[in-house]
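To start, the structure under review is shown below, and the notes come after it.
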Amino acid sequence: MSNISTIAPDLRPAVGNRRTKAPGLVAGVDLGGTKVLAGLSDLDGDLLATMEEPTAHGEGAPVLKQIVRMILTLAERHRDRGPLLKAVVGVPSAVSPSTGLASLSPNLAIPADKPLARLLEAGLPCGVVVENDVNLAAFAEATLGKARDCTSVAFIAFGTGVGMGLVIDGRLFRGHHGRAGELGLLPLGTNPHDAAPKARAGLFEDQVDSPAVRALYRDGTVPVSEIFLRAGSGDGEAAAAIATLAKSASVGLASIQAVFDPALMVLGGGIGSRPEFVELVSQHMSSLLPFAVQIEPTSLGPEAGMRGALMLGLHELSSQAAA
């Protein structure tokens, strides 16, 4: 079942409010383990429509056909606005800039032996860019959100897992293999050499992902959202679990700040976007570093990845036109 909206916010603040009136469409997709969110914009940055569906799981990666179908459906509904010129798809994987291969995606079974962009292009009438989903959320913050006036921003998503996107001087920093921001693998702990081979997802991620939060509270079965709700209602045990989570998270964030020194840290995801979590993390950071760090919750919510995909698509087309 699809959920299609034709009324959506404007993306034009990030493209200079220019009005090209040129025909053409850009699609942006955020692929997650539970849902696929697709958006469509014109070349002026007007967001024309969004579409959301539960993620298709199964053998043969049916989600790839699902993404193609969703993009084509949106483009067909707005074919009067011109042809589809670019599609950008965010995936919860490290995507190699040189090979286009996706890796390190434990929560979603997608092909790791073939470039995803080429597979998607087989069903679409345009070029495709495949990018890490948190990188796209970082790009959205840098172009549309709280970091629009910053020279650098680190976007860190805390939720099912943990990941980071880094934008410096308007450009995504991906790393040589596309693994920049794989924070879950930070070798944190008292004996990381012995612990790393036994890690469930990575030494840092094992401390801050959803299963880790649930394990901190009672029998480990209470949903994370409910733990936050109970903490806000005065449940001391729930509040202690959130405090422990924030303290663990602050160690990884302090490491990022020490290495990259971003002008702004933006936290997102189901856990990271909560203001009370951001406040606790900031407090713990103050005891780890001898300087103040600016940390904010995301202003773009769960659409950050999709919006970043659209902005990157517009940026790619603009760069191609200028070349």
Side-chain angles (χ1 to χ4, degrees), residues 13-14 30 90 92 94-95 97 104 131-159 161-188 202-205 207-209 245-305 307-309 311-312 315:
D30 184 17
V95 182
L104 302 177
E131 182 59 77
N132 173 265
D133 56 350
V134 185
N135 281 355
L136 292 177
F139 198 73
E141 286 291 347
T143 53
L144 293 168
K146 293 182 177 179
R148 286 178 60 193
D149 298 322
C150 297
T151 57
S152 56
V153 59
F155 180 95
I156 302 94
F158 289 95
V162 60
M164 182 186 75
L166 186 65
V167 179
I168 302 174
D169 293 330
R171 297 175 64 90
L172 279 169
F173 180 80
R174 300 177 174 90
H176 180 73
H177 300 96
R179 299 178 195 140
E182 292 295 329
L183 297 188
L185 300 177
L186 283 175
L188 302 179
L203 290 183
F204 181 52
E205 184 160 323
Q207 299 179 44
V208 298
D209 62 3
L245 167 68
K247 189 173 184 178
S248 298
S250 70
V251 178
L253 296 185
S255 302
I256 296 166
Q257 190 68 38
V259 173
F260 292 107
D261 189 28
L264 175 66
M265 279 189 170
V266 178
L267 305 191
I271 295 172
S273 59
R274 295 176 178 272
E276 64 270 37
F277 174 75
V278 176
E279 182 178 354
L280 284 171
V281 168
S282 298
Q283 292 173 7
H284 287 298
M285 289 272 284
S286 65
S287 64
L288 295 175
L289 299 172
F291 47 79
V293 177
Q294 186 176 359
I295 307 177
E296 300 279 352
T298 180
S299 59
L300 300 176
E303 291 189 349
R307 288 168 174 263
M311 291 313 307
L312 186 61
H315 177 76

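What you see below is based on every heavy atom in this structure, not just the backbone, and it leaves out hydrogens, waters and symmetry mates.
- In this structure, Arg179 and Leu185 have side chains that are not in contact, with every pair of non-hydrogen atoms separated by 4.5 Å or more.
- Atom OG1 in Thr143 sits 4.5 Å away from atom CE in Met311 (nearest 0.5 Å).
- In this structure, CD1 in Ile156 is found 11.0 Å from OG1 in Thr298, a value given to the nearest 0.5 Å.
- Among Leu183, Leu245, Leu253, Asp209, the single residue meeting the side chain to side chain contact (heavy atoms under 4.5 Å, CB included) criterion with Phe158 is Leu253.
- Between the OG atom in Ser250 and the CG atom in Leu289 there is a gap of 9.0 Å [rounded to 0.5 Å].
- Ser255 places a side-chain N or O within 3.5 Å of a backbone atom of Val251 that can act as its donor or acceptor partner.
- Of all the heavy atoms in Ser152 and Pro262, the pair that sits closest is OG-CA, 3.4 Å.
- Taken from CG in Leu280 to CZ in Arg274, the straight-line distance is 12.5 Å, to the nearest 0.5 Å.
- Contact detail for Ala246 and Phe277: the closest heavy-atom pair is CA-CE1, 3.8 Å.
- Expressed to the nearest 0.5 Å, how far CE of Met265 lies from CE of Met285 amounts to 4.5 Å.
- Legend: residues meeting side-chain contact (heavy atoms from CB on, under 4.5 Å) with Pro297, ordered by chain and number and at least two apart, are Lys146, Val278.
- A side chain to side chain contact (heavy atoms under 4.5 Å, CB included) with Val153 is found for one member of Val167, Ile168, Leu166 and no other, namely Val167.
- Using a 4.5 Å heavy-atom threshold, the side chains of Leu136 and Asp30 count as separate.
- Taking OG of Ser287 as the start and NZ of Lys247 as the end, the distance is 7.5 Å to the nearest 0.5 Å.
- Closest approach of Glu131 to Val95, counting heavy atoms only: C-CG2, 4.1 Å.
- The two residues Ala263 and Gln294 come nearest to each other via the heavy atoms O-OE1, 3.8 Å.
- For Met164 against Asn135, the heavy-atom pair with the smallest separation is O-OD1, 3.7 Å.
- Contact record, Phe155 with Ala137: CE2-CB, 3.5 Å, taken as the closest heavy-atom pair.
- Panel note: side chain Gln207, backbone Leu203; a donor-acceptor pair is recorded below 3.5 Å.
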